[in-house]
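Questions regarding the structure given below will be posed in turn.
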Amino acid sequence: MTGKKCLVLVIITTVLNLVYITRTFLARADRFPSYPSRTHLFVSPQEGDAQKCAPRKGVVVSALLGPLGDNLFELAFANRIATQLCWGVVYRNAWLAKDFLRKGKKCFPNAFVAPPNLTGKENKNLGFGASLWKAPEDEINPWVHSLEKSGRLLPCRHEECDFTQPGTEMLLERLSEESSGYRIFYAKAFFIHHGWMAGWEEEIRDWLQADSLCCKNIPPDEAVVIHVRDFEVEKEAAEPYVALPVGFFVHLLQHYDLQDRPVWILCKPGSVNSTLVQELVSHFPNSVVQPGASEYDAFCILQRAKTLVLSHKSTFSQAAALSAAPDAVVHYPVLNYQPFLTVRMRQWKYHLVSKDRSNIAKFEVPVDAMKFRMDSETPEEVQRREVGISPIESFGGYSQGRFCTTWLRPLDEWWAHNPEWGFESASDEFQCFERYHDDKARFLRGVYDLQWSGDCTAVHTRHMWSSGWGADFSNVADGLLLGFEDKRPFQITFDPHDNHWWHYAAVKEDGSNPTCDSKDMFCYFLPLSRCKPGAIEMSNRYPNENSTNTLRRKWLHDYATRQQQWLRRSVFDFINEKAPAIPTPCTALHVRRSDVVLHDQFSRKYFPISFYLRKAGLEGRGNILLFTDDASAIEEARELHPNYNWVYLERKRHRGSEGGWENQTPSKKPVEEVMVLLAIFELAKQCDTFVHTNSNLADVIYNSMISTGRPVRRIRADGDLDNIYNQNNTFSEAILKKQLRAHMKRRKREVMGGRQID
């Protein structure tokens with residue numbers, strides 16, 4: 001009887017379990033009628049649901065780094081790889097992953113793939129075991145290194161892995177080769193990059209759908225859900241450099257007429273009473289502060305919303321928006337035109353935040369108008385492996401492409417000996433380099449070989465000018481080009497009969513405020529050559545004027561001005577902290593004045609701002625990025641031409657010619673003046689038109705603008721004048737000053753008279 005009772009009990013238990021499973025499945029199916037079933041999970045979308053791929057015995061090991069948002073990106077990437085290879089997935093049950101694996105499998109039932117179908121012998125040969133996935137990092141590393149060395153494991157580690165679209169395709173190609181021997185793909189990165197997601201948006205939305213069992217609070221369809229990224233903060237304040245001030249949200253909702261809708265403010269429980277959250281509550285009368293019953297419920301709130309306002313740099317809100325309904329409206333703030341974005345979706349609305357972050361400078365910036373700093377960022381160790389360069393040879397230069405590495409990695413020594421590469425972009429974390437096209441790369445390699453391996457006893461030497469930035473480096477480029485033509489290394493030095501310092505490395509009058517002890521261009525830039533200077537040769541010899549040499553001068557200017565790493569970082573910080581937001585489209589306008597009237601018979605004219613505007617055909621309104629060395633030009637532009645949107649750097653400037661002859665450092669701070677100039681070259685790249693008069697510096701600005709590959713309309717305002725140099729031009733400063741004074745007086749009378757000013 002005892003045996004029969006046990007049998008009956010087993011049958012009843014089995015039936016009840018089947019009933020529970022069936023009811024649960026049907027309930028979930030009712031809740032998600034619009035999403036496909038998981039039958040496609042082991043099918044490549046490119047092949048279609050009807051055509052199954054042939055399973056290969058292999059496994060993706062997902063390390064599951066970071067909190068919930070990071071974990072979801074990691075799961076989706078593991079699914080992408082496993083789907084196309086028909087491999088299984090094993091999840092590391094360590095660190096933060098323990099809680100996620102316990103709760104996540106209930107809340108994200110579509111996101112987890114079955115483990116690999118391996119025999120006991122195969123598990124043993126590969127070292128698999130339940131204890132392995134719970135082991136700490138120092139215990140699992142020997143297993144990883146052993147299988148990697150034997151050619152059975154391919155790792156993809158954080159900051160060493162290329163998971164852009166081409167990188168992912170290359171990765172899949174390597175893993176799918178039967179002859180490769182790879183049985184394990186070790187995914188130990190965050191995989192927060194839009195590149196690998198291309199063409200897989202529907203699958204990602206399906207995988208990351210949260211189960212309703214974990215969703216306690218669902219916003220109404222008309223609600224606007226604002227995510228405030230405020231983790232790891234003080235108890236009473238939002239994170240200062242991540243959370244945007246209330247003005248941004250007010251401007252956004254007013255612009256889209258959303259301020260009267262229900263507003264759900266999603267934040268961490270500890271920040272419900274923070275200053276930012278309470279300011280949001282006071283501005284939106286129909287607002288509700290909703291921290292969520294749990295982080296999974298908070299994720300549901302974002303995912304189920306029809307209108308979302310994301311936090312920039314938040315993987316949590318990005319993952320929710322990626323898996324939201326296809327018709328959801330997603331607003332994403334960007335701080336500049338080179339945002340550190342990891343996810344790019346054409347249907348999202350990207351808004352450019354103003355410099356003080358208090359409002360929005362430009363709504364709905366087109367995706368193609370922004371340069372995404374994470375695009376194609378391929379850290380160096382993957383580049384070495386893919387092109388067959390060993391770590392020992394790595395500083396010999398990669399063969400092609402682009403790479404990024406952290407600021408912690410010193411690269412000056414490498415770049416000094418790899419001139420084929422140019423500094424491409426920067427972010428808070430990375431510095432990125434891109435290889436020049438073949439013609440430029442080959443020429444600069446030839447220059448380098450001569451500069452570093454040539455006969456130093458025959459060195460061609462010129463003295464360093466202290467005239468102006470454009471003229472100074474034109475002199476250096478000419479010396480490099482003449483040396484190259486003569487097959488002699490080139491070096492620069494100081495004239496023994498002149499100041500022993502460069503005016504951008506120490507104050508010209510007395511050599512004070514030096515940037516470094518040498519007080520020369522090498523305070524800022526990489527060395528030109530291993531050769532020491534020889535006897536100074538007369539610099540009245542110049543290279544032949546032809547199209548080839550014109551192009552080579554530009555390339556040699558780039559070679560001579562390769563910034564040292566401290567300067568690259570300083571310029572990046574300077575632009576982020578002090579440069580204005582530049583709305584586009586824009587016109588860059590260079591107004592050169594100061595000492596141009598002090599050159600006697602070679603003096604140039606002080607042209608009024610109206611002259612430039614008329615020559616460029618800029619009538620009415622427009623965004624103008626103004627570069628000038630004259631403080632009066634700023635006032636003239638703003639006061640006499642208020643219809644234009646004038647944008648300029650706040651910096652100390654001379655007023656007219658008060659600085660005297662070739663005095664290029666009005667601040668008496670050479671480092672600051674250099675950073676201003678380098679920032680100008682970067683900022684100008686955002687404009688598509690350039691207006692200027694005759695100026696060496698204008699040539700440098702234009703060359704920087706066209707380096708992006710975008711077409712730039714160039715207008716030289718004095719190009720149709722018969723003689724731009726004339727003794728009489730020395731009087732133009734006084735004449736312009738008199739004209740402007742008369743304009744200002746007339747304007748003042750009109751304002752006082754209450755009349756409208758034209």
Next on the checklist: Taking the side chain as everything from C-beta on, heavy atoms only, tell me whether Leu68 gets closer than 4.5 Å to Tyr296.
Outcome noted: yes
Next on the checklist: Set out, in order, the CA-CA distance, both residues' side-chain angles and the distance that settles salt bridge (Lys or Arg N to Asp or Glu O under 4.0 Å) for Lys103 and Asp99, then state yes or no.
Outcome noted: CA-CA 6 Å; Lys103 298 179 181 178; Asp99 183 67; 3.6 Å; yes
Checklist entry - Distance under 6.0 Å and angle within 45° of the ring axis: does Lys440 meet both against Tyr436? => result yes
Next on the checklist: Counting C-beta onward and ignoring hydrogens, is there a side-chain heavy-atom pair between Phe112 and Trp207 closer than 4.5 Å?
Outcome noted: no
Checklist entry - If we only count heavy atoms from C-beta on, is the Glu74 to Leu65 side-chain gap below 4.5 Å? => result yes
Next on the checklist: Check whether Arg205 reaches the backbone of Ala324 with its side chain - one donor and one acceptor, N or O, closer than 3.5 Å.
Outcome noted: yes
Next on the checklist: Can you confirm whether the side chains of Ser314 and Ser311 place a donor and an acceptor under 3.5 Å from each other?
Outcome noted: no
Item to check | Nearest heavy atoms of Val60 and Ala78, plus distance in Å | outcome: CG1-CB, 4.0 Å
Checklist entry - Can you list the steps and then say if Glu420 with Arg445 is a salt bridge (Lys or Arg N to Asp or Glu O under 4.0 Å)? => result CA-CA 6 Å; Glu420 301 95 335; Arg445 172 51 63 178; 2.5 Å; yes
Next on the checklist: So Leu154 and Arg174, do their side chains get closer than 4.5 Å, heavy atoms only?
Outcome noted: yes
Checklist entry - Between atom CZ of Phe100 and atom CG of Asp70, what is the distance when rounded to the nearest 0.5 Å? => result 10.5 Å
Checklist entry - If you measure from CG on Leu276 to CZ on Arg229, what distance do you get to the nearest 0.5 Å? => result 13.5 Å
Item to check | Any Leu213 side-chain heavy atom under 4.5 Å of Lys106 side chain | outcome: no
Item to check | Pair Leu526-Gln563, side chain to side chain contact (heavy atoms under 4.5 Å, CB included): steps then yes or no | outcome: CA-CA 6 Å; Leu526 299 179; Gln563 301 167 32; over 6 Å; no
Next on the checklist: Assess the residue pair Ser323 and Gln303 against the criterion (side-chain hydrogen bond (donor to acceptor under 3.5 Å, both in side chains)); give the C-alpha distance rounded to whole Å, side-chain angles, the decisive distance to 0.1 Å, and a yes or no.
Outcome noted: CA-CA 6 Å; Ser323 54; Gln303 189 181 71; 2.7 Å; yes
Checklist entry - Cys214 and Cys107: disulfide (SG to SG under 2.5 Å), yes or no, with the steps? => result CA-CA 6 Å; Cys214 297; Cys107 294; 1.9 Å; yes
Next on the checklist: Applying salt bridge (Lys or Arg N to Asp or Glu O under 4.0 Å) to Arg409 and Asp412, what does each step give before you reach the verdict?
Outcome noted: CA-CA 9 Å; Arg409 179 74 175 274; Asp412 284 353; over 6 Å; no
Checklist outcome for this item: Smallest heavy-atom separation, Phe433 atom then Trp414 atom, equals CD2-CZ3, 4.0 Å
Checklist entry - When rounded to the nearest 0.5 angstrom, what is the spacing between CG in Leu335 and CG in Leu352? => result 8.5 Å
Next on the checklist: Would you say that Val225 contacts Val309 through its side chain, given a criterion of any heavy-atom pair below 4.5 Å between the two side chains?
Outcome noted: no
Checklist entry - What closest approach, in Å, do Ala63 and Tyr186 show between heavy atoms, and which atom pair accounts for it? => result CB-OH, 4.4 Å
Item to check | Nearest-0.5 Å distance, CD1 of residue Ile81 to OG1 of residue Thr168 | outcome: 6.0 Å
Checklist entry - Does the separation of the ring centres of Phe299 and Phe108 fall below 6.0 angstrom? => result yes
Checklist entry - Partners of Pro291 by side chain to side chain contact (heavy atoms under 4.5 Å, CB included), sequence neighbours excluded? => result Pro269, Val272
Next on the checklist: Tyr91 and side-chain contact (heavy atoms from CB on, under 4.5 Å): which single residue from Asn71, Val113, Val61 fits?
Outcome noted: Val113
Next on the checklist: Does Ile575 form a side chain to side chain contact (heavy atoms under 4.5 Å, CB included) with Glu682? I'd like the steps, not just the answer.
Outcome noted: CA-CA 9 Å; Ile575 291 174; Glu682 286 299 311; 3.7 Å; yes
Item to check | Asp297 side chain to Lys216 backbone, donor-acceptor under 3.5 Å | outcome: yes
Checklist outcome for this item: Heavy-atom nearest pair, Phe185 first then Phe77, reads CE2-CE2, 3.8 Å
Next on the checklist: Side chains of His331 and Leu308, heavy atoms from C-beta outward: is any pair under 4.5 Å?
Outcome noted: no
Checklist entry - Do Val89 and Val59 have side chains that get closer than 4.5 Å, going by heavy atoms? => result no
Item to check | Aromatic ring proximity, centroids under 6.0 angstrom, His351 and Tyr332 | outcome: no
Next on the checklist: Walk me through whether Met197 and Leu322 qualify under side chain to side chain contact (heavy atoms under 4.5 Å, CB included).
Outcome noted: CA-CA 10 Å; Met197 304 175 194; Leu322 278 171; 3.9 Å; yes
Checklist entry - What about Phe73 and Phe190, are their ring centers closer than 6.0 Å? => result no
Checklist entry - Given Arg357 and Leu244, is the side chain to side chain contact (heavy atoms under 4.5 Å, CB included) satisfied, shown in steps? => result CA-CA 6 Å; Arg357 301 191 178 191; Leu244 295 170; 3.8 Å; yes
Item to check | Whether Ser176 side chain and Leu172 backbone form a donor-acceptor pair below 3.5 Å | outcome: yes
Item to check | Arg569 (side chain) donor-acceptor with Gln564 (main chain) under 3.5 angstrom | outcome: no
Checklist outcome for this item: For Gln290 and Leu266 the tightest heavy-atom approach is O-CD1, 2.9 Å
Item to check | For Gln431, all residues meeting side chain to side chain donor-acceptor pair (under 3.5 Å), sequence neighbours excluded | outcome: Gln565, Arg568
Checklist entry - Just by distance, do the side chain of Trp407 and the backbone of Ser427 share a donor-acceptor pair under 3.5 Å? => result yes
Checklist entry - Residues in side chain to side chain contact (heavy atoms under 4.5 Å, CB included) with Ser707, at least two apart? => result Lys685
Checklist entry - What is the distance from atom SG of Cys156 to atom NZ of Lys188, rounded to the nearest 0.5 Å? => result 11.5 Å
Checklist entry - What pair of heavy atoms forms the shortest contact from His417 to Tyr448, and how long is it? => result ND1-OH, 2.7 Å
Checklist entry - Does Asn79 use its side chain to pair, donor to acceptor, with the backbone of Ala111 at less than 3.5 Å? => result yes
Item to check | ring pair (Phe, Tyr, Trp, His ring centres under 6.0 Å) between Phe191 and Trp196, intermediate numbers included | outcome: CA-CA 8 Å; Phe191 304 106; Trp196 68 263; 7.4 Å; no
Next on the checklist: As an exercise, state the distance from CD1 of Ile265 to NE2 of His227, rounded to the nearest 0.5 Å.
Outcome noted: 12.5 Å
Checklist entry - Within a radius of less than 6.0 Å around CD of Glu173, do more than 12 heavy atoms belonging to other residues, nucleotides or ligands occur? => result no
